[in-house]
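Lettering follows sequence order; numbering is per chain, from 1.
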Number of protein chains: 2
Amino acid sequence: MHSELVAPRSADPRDSQDTRESRPGSRTDSRNGAPHLDAVSLAIIEQLQEDGRRPYAAIGKAVGLSEAAVRQRVQKLLDQGVMQIVAVTDPLTVGFRRQAMVGVNVEGDVETVADALSAMSECEYVVMTAGSFDLMVEIVCEDDDHLLEVINKRIRAVPGVRSTESFVYLKLKKQTYMWGTR
Amino acid sequence: MHSELVAPRSADPRDSQDTRESRPGSRTDSRNGAPHLDAVSLAIIEQLQEDGRRPYAAIGKAVGLSEAAVRQRVQKLLDQGVMQIVAVTDPLTVGFRRQAMVGVNVEGDVETVADALSAMSECEYVVMTAGSFDLMVEIVCEDDDHLLEVINKRIRAVPGVRSTESFVYLKLKKQTYMWGTR
DNA sequence: TCAATGGCTGCGAAATCCGTAGAGTTCCGT
DNA sequence: ACGGAACTCTACGGATTTCGCAGCCATTGA
């Protein structure tokens, strides 16, 4: 259960004449409930990716819509879970000085293990993968002791975890939140 | 050059009587320029992690500060780059249906390669690591063809890239933006 | 054809944002 | 110890934004 046949949206800023067609997110047409987004909603998201607090009127001016229309669309996008507007921080600044990516190999049901790891607050990011790891997990810790405890005590203790391999972060070079825009 | 002797801030939610001490982020005391955050700023960030558009007055009421004070602190946090307030989306919804983590081994200067990969728009996340990979790179693509091109043509073509190993995402289980809070 | 639905616009009222002035602290150097 | 500089907080009025709602128009489907 993946893959879908949604028409790929044009991410080209030039074609704005097709702007006034096709409802924004009417049909939830992909099986995971993800609605298809039109160019205007994409443009709104793009605005909010630059500044999550940008006023609706300013966004409306940028995308060619009234303030109220932008407000309604944003509310719908939030309600649908298509996007969320949040503060993101640099972990180092906030007191978490050790991060690592951990590759996990599983015996038995991978999703069960994934759920168990997702329940741990130190696991920031959990994804099931194809390749030499079944799971990749990003963990965020306060110091080396904390990191050691999480990896060697908590993660390895989860039933079904066969082995792990750790990649301690030395330096974060890039991190964007520009999905859907370039 | 790493490690530092900054007094570790108390992450304990209980001690709120120390709330009115020590300037928020005066001294940029860690060598990477990251300011030390006090409990109030942490609380503000926590509020904005729940809702990036929450009004300053509401935040002030929650953390025990006036509206203007919250506004000034938020502005400073943004200016300092400690946090940013942005819209984050589900890549699948926005038309990117293939994601992968790629482990990279490098010959020569790792940072040079990291910079080159960071310049690629498909690379969402680039981090230098210790372990059997020198770099971990998360890439976001529209479809399989796009993914193949990025991995086999673009990434491998970067001078200094010795080898890569790919982990195609099957299912994203968890993704939080709650750094610094739980 | 007609009713229902969904999206957009245009208001007025309420709430929020913004700039700034003034006061209280801490931290220097003299 | 005495100023002064640098910070941060509060208070407050005006500009801006948000919010709710009524009306209009296009599309859809019976």
Side-chain angles (χ1 to χ4, degrees), chain A residues 7 9 16-29 33-45 47-48 50-80 82-87 93, chain B residues 6-7 9 16-30 33-45 47-48 50-87:
Chain A
R9 89 282 177 292
S16 45
Q17 73 273 16
D18 72 336
T19 277
R20 196 56 49 84
E21 51 81 27
S22 88
R23 300 152 252 55
S26 49
R27 209 73 230 122
T28 119
D29 42 10
H36 175 78
L37 300 180
D38 69 356
V40 179
S41 289
L42 259 316
I44 292 175
I45 292 175
Q47 293 286 317
L48 289 170
E50 291 178 14
D51 175 8
R53 276 184 166 257
R54 185 164 296 169
Y56 296 132
I59 298 174
K61 195 163 302 179
V63 307
L65 234 55
S66 72
E67 174 267 338
V70 172
R71 176 157 39 92
Q72 289 157 8
R73 286 214 188 204
V74 168
Q75 193 55 53
K76 174 168 286 190
L77 290 171
L78 295 174
D79 291 341
Q80 288 175 150
V82 172
M83 72 168 180
Q84 45 185 332
I85 300 175
V86 295
T93 308
Chain B
V6 189
R9 91 269 176 294
S16 45
Q17 74 272 15
D18 72 337
T19 278
R20 197 54 53 83
E21 51 84 26
S22 87
R23 296 150 257 52
S26 49
R27 210 73 229 119
T28 118
D29 42 10
S30 119
H36 176 78
L37 299 181
D38 68 356
V40 179
S41 289
L42 260 315
I44 291 175
I45 292 175
Q47 293 285 318
L48 289 170
E50 289 178 15
D51 175 7
R53 277 185 166 254
R54 184 163 297 169
Y56 296 132
I59 298 174
K61 195 164 301 179
V63 307
L65 234 54
S66 72
E67 175 267 340
V70 172
R71 176 158 40 90
Q72 288 158 7
R73 287 214 188 206
V74 168
Q75 192 55 55
K76 174 169 287 188
L77 290 171
L78 295 174
D79 291 342
Q80 288 175 149
V82 172
M83 73 170 179
Q84 44 185 333
I85 300 175
V86 294

Kindly give the atom pairs (protein nitrogen or oxygen, nucleotide nitrogen or oxygen) under 3.5 Å for nucleotides 12-15 of chain D.
none

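For the pair B:L65 CG and D:dC7 P, the computed distance is 18 Å after rounding to whole Å. Rounded to an integer number of Å, the gap from NZ of B:K61 to C1' of D:dC9 is 18 Å. The interatomic distance linking B:Q75 (CD) with C:dG19 (C1') rounds to 12 Å, in whole Å. Distance OH (A:Y56) to C1' (C:dC11): 19 Å, rounded to an integer number of Å. The CD1-P distance, from B:I59 to C:dA15, rounds to 18 Å in whole Å. Rounded to whole Å, atom P of D:dT18 lies 13 Å from atom CG of A:L78. Atom pair B:L77:CG and D:dT8:P shows a separation of 11 Å (rounding to whole Å applied).
The side chain of A:K76 contributes no N or O atom lying less than 4.0 Å from OP1 or OP2 of C:dG6. Proximity of A:R53 to the phosphate of C:dC17: a side-chain N or O atom is located under 4.0 Å from OP1 or OP2.
A:M83 approaches A:L78 most closely through the heavy-atom pair O-CD2, 3.4 Å. The minimum heavy-atom distance linking A:V63 with A:Q47 is given by the pair CG1-CG, 4.3 Å.
Within the structure, every pair that satisfies the salt bridge (Lys or Arg N to Asp or Glu O under 4.0 Å) test and touches residues 53-66 of chain A, not counting sequence neighbours, is listed here: A:E50-A:R54.
Of the listed nucleotides (C:dG7, D:dT18, C:dC8), C:dC8 has the atom at the smallest distance from the side chain of A:R73.
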**Report entry** Stepwise side chain to side chain contact (heavy atoms under 4.5 Å, CB included) check, A:L37 with A:I45
**Finding:** CA-CA 10 Å; A:L37 300 180; A:I45 292 175; 3.9 Å; yes
Report task. Apply side chain to side chain contact (heavy atoms under 4.5 Å, CB included) to A:V82 and A:K76, showing your working. Result -> CA-CA 9 Å; A:V82 172; A:K76 174 168 286 190; over 6 Å; no
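To the nearest 0.5 Å, the span separating CG on B:L77 from CD1 on B:I44 amounts to 7.0 Å. One distance of note links CZ of B:R73 with OH of B:Y56; it measures 14.0 Å at 0.5 Å rounding.
Positionally, the nearest nucleotide of DNA chain C for A:Q72 lies more toward the 5' end than for the other of A:Q72 and B:P55.
Taking the C1' atoms of five terminal pairs at each end of the helix from C:dT1-D:dA30 to C:dT30-D:dA1, the two resulting helix axes are inclined by 30°, rounded to 10°.
Partners of B:E67 according to the side-chain hydrogen bond (donor to acceptor under 3.5 Å, both in side chains) rule, which considers only residues two or more places apart in sequence or in another chain, are B:R71. By the side-chain contact (heavy atoms from CB on, under 4.5 Å) test, B:A69 is found to be paired with B:L65, B:S66, residues two or more places apart in sequence or in another chain being considered.
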